[in-house]
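Excluded from the calculations below are hydrogen atoms, water molecules and symmetry mates; all remaining heavy atoms, backbone and side chain alike, are included. Atoms within a ligand are numbered from 1 in the order they appear, just like the ligands themselves. On a predicted model such as this, the values are computed, not experimentally measured, just so you know.
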Amino acid sequence: MYAQMVDTGANKVRGLEEMSAQERAFQERIDAGIKIEPKDWMPEAYRKTLIRQISQHAHSEIVGMLPEGNWISRAPSLKRKAILLAKVQDEAGHGLYLYSAAETLGVSRDQLVDELHAGRAKYSSIFNYPTLTWADIGTIGWLVDGAAIMNQIPLCRCSFGPYSRAMIRVCKEESFHQRQGYDLLISLCRDGTAEQKAMAQDALNRWWWPALMMFGPSDAESVHSAQSQAWRIKIFSNDELRQRFVDQTVPQAEYLGLTIPDPDLKWNAERGHYDFGAIDWDEFYNVLKGNGPCNRERLRARRQAWEDGAWVRDAAIAHAEKRAARTAQAA
Ligand code: FAQ
């Protein structure tokens with residue numbers, strides 16, 4: 001596939017004949033489906049691309065705890081509270097696997113977290129929107145985790161071993177998250193009152209378009225897709241995954257009796273896919289620049305959590321040092 005010169009996005013990818021012998025051998029390994037492990041030789045740009053994507057992904061999981069964490073104390077029953085607590089805790093775990101996967105590439109978690117707190121690192125645009133009602137919690141599980149799974153199942157087959165292995169467990173947990181969100185919406189829409197259904201519709205109206213933006217810019221605008229696909233860091237393009245997500249989600253909305261807020265949405269029998277309306281890319285880029293409804297609040301909350309946790313880190317280091325000294329004395 002590589003020799004045909006991949007050109008699926010805004011950037012171009014070098015052909016095999018333009019590469020050094022070492023780069024060519026590396027590319028041929030990837031084309032043969034052999035995983036790259038941390039100690040293997042890799043082009044510097046491959047390493048940097050992975051650190052960029054994996055760390056953005058890790059930050060998304062950690063910042064992504066905030067919108068849902070907002071509702072833990074207000075969940076309407078003990079059962080829903082326990083489910084939500086477990087979900088938010090899972091997201092923390094995902095962040096930690098991902099920081100660990102990034103660390104195998106020679107960068108430290110502290111460096112990555114510093115970048116986030118300095119406002120220099122990206123995380124998913126979706127987490128800059130507010131959770132205004134309880135229906136938002138169901139909608140996040142259904143749409144946000146649904147989009148995350150659509151994007152992450154292929155990543156289980158990506159070329160970098162530690163990332164692909166982390167994704168297997170993450171995807172299993174994300175499936176549970178998606179189901180719990182949909183289950184919550186079934187309670188509101190099929191078993192609930194007219195008011196509860198209206199609350200779910202309002203949540204869908206607000207989250208639909210930001211969920212579609214999670215997949216990133218259109219293929220024509222995507223800066224990294226062509227090279228990342230050639231390296232099998234990405235298996236499918238942003239638009240391919242977005243289309244799959246729309247196709248999968250429309251029947252789920254119909255089952256709930258909810259209307260997707262897109263007048264241009266319609267089944268295209270010729271393509272075998274749903275056509276959908278234009279995404280407001282100005283909104284997307286504005287959120288990326290830090291001007292979304294909650295960007296500032298999210299960063300403030302993360303910095304505060306980091307500062308409040310300093311005593312835990314200090315205690316853990318003091319304990320480790322004491323143990324090491326005791327072991328050295330005994331030896
Ligand atoms: N938000 O050239 P591309 C979750 C940036 S996890 C912010 O297409 P690429 C679980 C992109 O970084 C959700 N920035 O880039 C959960 C790049 O900027 P850069 C996160 C975005 O990397 C659920 C620039 O635009 N998932 O939800 C976004 O090839 C519930 C150009 O874009 C992952 O991170 C965006 N939406 O493709 C947690 C999955 N889209 O670096 C809690 C792994 C694009 O040049 C609760 N990541 N950008 O400054 C990926 O698959 C890819 O990185 C994409 C972007 C597809 C996100």
Side-chain angles (χ1 to χ4, degrees), residues 8-11 48-71 84 87-95 97-98 101-102 115 120-129 131 136-156 158 160 163-164 166-167 170-171 173-178 180-181 207 209-242 245 279 281 283-290 292 295 298:
T8 53
N11 58 345
K48 285 203 169 129
T49 298
L50 278 169
I51 292 175
R52 181 185 64 78
Q53 179 167 322
I54 299 173
S55 62
Q56 287 177 1
H57 193 167
H59 299 326
S60 303
E61 302 281 357
I62 298 298
V63 178
M65 294 162 73
L66 295 171
E68 288 174 290
N70 181 34
W71 279 88
L84 185 56
K87 179 187 190 300
V88 172
Q89 205 168 320
D90 283 352
E91 308 300 359
H94 299 173
Y97 311 147
L98 287 161
E115 290 288 303
R120 287 190 295 269
K122 287 199 171 77
Y123 56 86
S124 184
S125 49
I126 193 79
F127 301 118
N128 293 305
Y129 291 86
T131 40
D136 288 22
I137 300 306
T139 309
I140 289 181
W142 175 35
L143 298 183
V144 177
D145 286 279
I149 297 169
M150 191 57 82
N151 168 278
Q152 287 168 202
I153 293 275
L155 290 177
C156 298
C158 81
F160 187 56
Y163 193 27
S164 70
M167 280 302 109
V170 168
C171 284
E173 294 178 350
E174 298 291 21
S175 302
F176 154 69
H177 298 168
Q178 201 268 353
Q180 70 80 36
W207 288 93
W209 294 105
L212 295 195
M213 292 174 197
M214 283 178 73
F215 294 94
S218 69
D219 292 352
E221 298 298 324
S222 169
V223 186
H224 304 292
S225 279
Q227 183 60 69
S228 288
Q229 283 188 279
W231 279 330
R232 290 181 68 81
I233 291 173
K234 282 167 95 164
I235 311 286
F236 298 106
S237 77
N238 299 355
D239 285 335
E240 280 170 332
L241 292 174
R242 193 173 2 251
F245 175 73
I279 292 173
W281 292 114
E283 176 181 325
F284 172 74
Y285 286 112
N286 208 29
V287 173
L288 260 56
K289 275 194 228 135
N295 292 59
R298 299 292 183 238

Does any part of the side chain of [Y], heavy atoms only, come nearer than 4.5 Å to the side chain of [X], both counted from C-beta?
X	Y	answer
Asp90	His177	yes
His224	Asn238	no
Glu115	Ser55	no
Met65	Glu61	no

Anything under 30° is parallel, anything over 60° is perpendicular, the rest tilted; go ahead and classify Tyr163 against His57. perpendicular
Let me know which protein residues bring a heavy atom to under 4.0 Å of ligand 1; chain then number is fine for ordering. Arg52, Gln53, Gln56, His57, Ser60, Glu61, Gly64, Glu68, Lys87, Glu91, Lys122, Tyr123, Ser124, Ser125, Phe127, Val144, Asp145, Ala148, Asn151, Gln152, Leu155, Tyr163, Glu174, Met213, Met214, Phe215, Gly216, Pro217, Ser222, Val223, His224, Lys234, Asn238, Phe284, Leu288
For Phe284, the ring-ring contact (aromatic ring centres under 6.0 Å, His included) test, sequence neighbours excluded, returns Trp281
